[in-house]
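This one's a predicted model, so the numbers in the text were calculated from it and none came from an experiment.
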Amino acid sequence: MSSPVLSLRGVSKSFGAVRALAHVDLDVRTHEVVAVVGDNGSGKSTLAGVLSGALVPDAGQVELDGRPVTLASPGLARALGIAAVFQDGALCENLDVVENLFLGQEVTAGPLLDEVAMEKEAWSLLNKLAARVPSVRVPVGALTGGQRQAVAIARTLLGDPRVVVLDEPTAALGITQTAEVLNLVERLRDDGHAVVLISSSIVDVQAVADSIVVLRLGRTNGVFDADQVSYEDLIAAMTGATPVGRRTRPARREENVT
Amino acid sequence: MTGSTHPRTGAPGPVGGLSGLRSLLTQRMRSGQLGTLPIVGALIVIWLVFQLLNPHFLSSDNLVNLTLQSAATGVIALGIVLVLLVGQIDLSVGSVSGLAAAVVAIGSVQLGWPTLLAVVVALGVGAVVGVLYGALTTRLGLPSFVLTLAGLLVFAGLQLRVLGPTGSVNLPFRSTLVRLSQQGFLAPAASSAIVAAVVLGYAAMLMVERARRRRAELPVASPVDLGVRIGALALVLGSSVAYLNTNRGVGVTFALFVSLVAVVDLLLRRTRWGRAVRAVGGNVESARRAGIPVRRTFVSVFVACSTLAALGGVLSVGRLAAANQATGGGDANLTAIAAAVIGGTSLFGGRGSAWSALLGVLVIQSISSGLTLLNLDTAVRYVITGLVLALAIAIDTLMRRAREV
Ligand SMILES: Nc1ncnc2c1ncn2[C@@H]1O[C@H](COP(=O)(O)OP(=O)(O)OP(=O)(O)O)[C@@H](O)[C@H]1O
Ligand SMILES: [Mg+2]
């Protein structure tokens with residue numbers, strides 16, 4: 001196995017009395033999707049924040065290529081090749097697709113924006129993801145949830161980051177749109193990115209992840225190989241219950257009971 | 001999605017013809033961004049109705065007056081468009097314009113300053129007010145609604161203090177400011193040349209853009225589409241200017257107002273600052289995460305708004321050859337804000353255009369001028385303008401709801 005690009009070593013983070021993360025370890029490699037699953041409030045978004053520079057841990061270390069780094073801001077993390085899509089969206093609904101993709105990183109020609117260059121690059125980013133949008137000149141507010149998520153993911157690819165962190169990209173999406181987003185995730189991996197996929201849907205995670213990290217009450221409660229682990233084992237690790245039910249039950253049929 | 005797909009970029013090809021136009025319209029309606037279309041329609045209806053009621057309404061003489069009356073309020077409304085775009089409001093533009101008017105009048109008449117100096121000082125006062133608003137909203141998080149309401153009182157008070165005990169200062173008619181505002185008209189040759197230059201410049205810009213898009217293998221507008229756009233601009237601009245030129249012509253202050261609108265439009269659509277303004281108005285948190293300097297954007301917008309309000313005050317001093325306690329008072333404040341909203345800029349932030357200042361103020365002044373011609377008094381004018389504003393807000397809210405479904 002290749003050495004990890006990005007690692008967390010014993011990371012802890014508290015909000016007042018709430019211990020959102022406690023001694024968490026995580027390794028992220030290129031060409032690999034690491035899934036992070038856990039119940040509501042288990043610390044998944046906090047973990048995404050630490051990975052992407054939005055939050056600075058109270059204790060422990062973030063290592064990039066084995067060297068400790070301080071990710072003081074999302075901008076700095078981006079500059080170091082780590083991009084993120086946050087759970088509560090990061091798009092401006094009134095701006096069109098091109099405007100959103102390049103927000104804060106606009107291409108200019110002299111004092112004016114170079115719309116032609118940006119529009120061209122926008123298409124090539126979206127094509128790389130095989131993402132379908134009706135037009136890059138409609139406000140993203142007029143797009144479907146899946147298309148918006150595709151735009152948000154395409155946005156992370158500007159500047160070709162090594163690590164892409166996605167916090168619940170399939171939440172609130174229908175079956176087809178979820179499948180589309182999961183395809184995007186696989187494409188990111190195939191293009192050589194290291195992907196952290198945060199999700200509360202075990203089914204989604206088993207479909208695309210290479211390894212699965214379970215968070216429970218801010219602690220790592222098991223790291224599994226996605227091909228080996230069963231649905232019940234994951235549920236057990238997430239909830240702390242001992243595995244119950246028939247082992248033979250096909251996991252994929254258990255969709256979206258949550 | 002229908003329409004051909006571009007072979008190389010995968011971009012959908014251009015849709016042309018009437019069906020293309022109709023699908024564009026329905027798509028825009030659904031996504032809740034009709035732009036300036038409804039308001040242009042409303043303006044035409046208003047003009048036709050008043051013309052039927054009084055044949056003098058569309059006379060060149062009355063339209064020249066209309067443009068002269070529109071400049072000061074329009075400039076103030078332009079500032080309001082900017083604050084509305086970032087999702088804020090400035091309720092004090094009237095008293096800031098009144099204060100600037102007082103400063104110009106006192107400076108040039110009683111203190112004997114050169115006109116230019118007096119104007120610069122007045123604009124400077126506006127800019128300082130904007131910096132204050134910007135700092136207090138971004139650093140302390142004060143809501144601009146209440147902050148500028150407080151400012152309204154403070155600056156109205158300062159205006160009274162600056163004007164002194166007489167409460168009114170008249171400017172001599174030979175003053176540059178008065179002459180420019182009342183009798184300053186572009187020579188017919190000059191205004192025609194400007195129209196030609198603008199149309200040619202616009203055409204050149206579209207051609208260059210089209211060539212660049214073609215080279216980048218992006219879908220390009222059809223030549224017909226291009227021709228229609230250039231022709232429409234030439235027709236609207238050319239015929240308005242030609243018609244005004246049959247009377248006194250295009251007023252300098254109105255020309256200044258329209259150029260400011262065009263410049264702000266360019267800034268909003270084609271610069272990083274403009275993009276930041278619209279992003280902040282759309283979603284502050286997203287803008288911040290995208291690395292937009294949110295605070296600086298807010299401050300710059302408040303400064304622009306107050307400075308434009310001050311300029312509006314200066315223009316009204318020129319037009320009325322006086323500054324008094326009523327300048328910027330009464331309905332001046334609300335008219336400017338109403339103009340921006342009637343012109344189609346959303347109260348909910350992030351959506352609108354600089355042109356809504358021009359369209360909105362034309363609607364309001366047309367109603368006012370039409371009712372005056374019919375010998376109807378201020379009472380009727382207030383009621384009708386209020387109803388139009390209510391209608392505009394209703395449309396804005398419905399559009400927003402349409403977007404959210
Ligand atoms: N900014 C904050 N201030 C205070 N408490 C916070 C903050 N962010 C998170 N928390 C708390 O930390 C814990 C972990 O939150 P986190 O958002 O990481 O959970 P999550 O696993 O992403 O949950 P969900 O599935 O609902 O998204 C929760 O108890 C939450 O209330
Ligand atoms: Mg979360």
Would you mind checking which part of R78(A) comes under 4.5 Å of any heavy atom in chain B, side chain (CB onward), backbone (N, CA, C, O), both or neither? neither

If one checks every heavy atom of Q105(A) against chain B at 4.5 Å, the contacting part turns out to be backbone

Let me confirm one number: the CG-CG distance from L78(B) to L358(B), rounded to the nearest 0.5 Å. 9.5 Å

Distance (rounded to the nearest 0.5 Å) between D65(A) CG and L6(A) CG: 9.0 Å

Can you name the one residue among L84(B), I89(B), V86(B), V83(B) that meets side chain to side chain contact (heavy atoms under 4.5 Å, CB included) with C305(B)? V83(B)

Check: H31(A) side chain, A194(A) main-chain N or O, donor-acceptor pair, under 3.5 Å: no

Sidechain-backbone polar pair: R19(A) side chain, K13(A) backbone, donor-acceptor under 3.5 Å: no

Heavy-atom pairs under 4.5 Å with chain B: which of E99(A), E106(A), E93(A) has the most? E99(A)

Sort out for me which of L112(A), N100(A), T108(A) touches chain B most, counting heavy-atom pairs under 4.5 Å. L112(A)

Report which part of R215(B) has an atom under 4.5 Å of a heavy atom belonging to chain A: side chain, backbone, both, or neither. neither

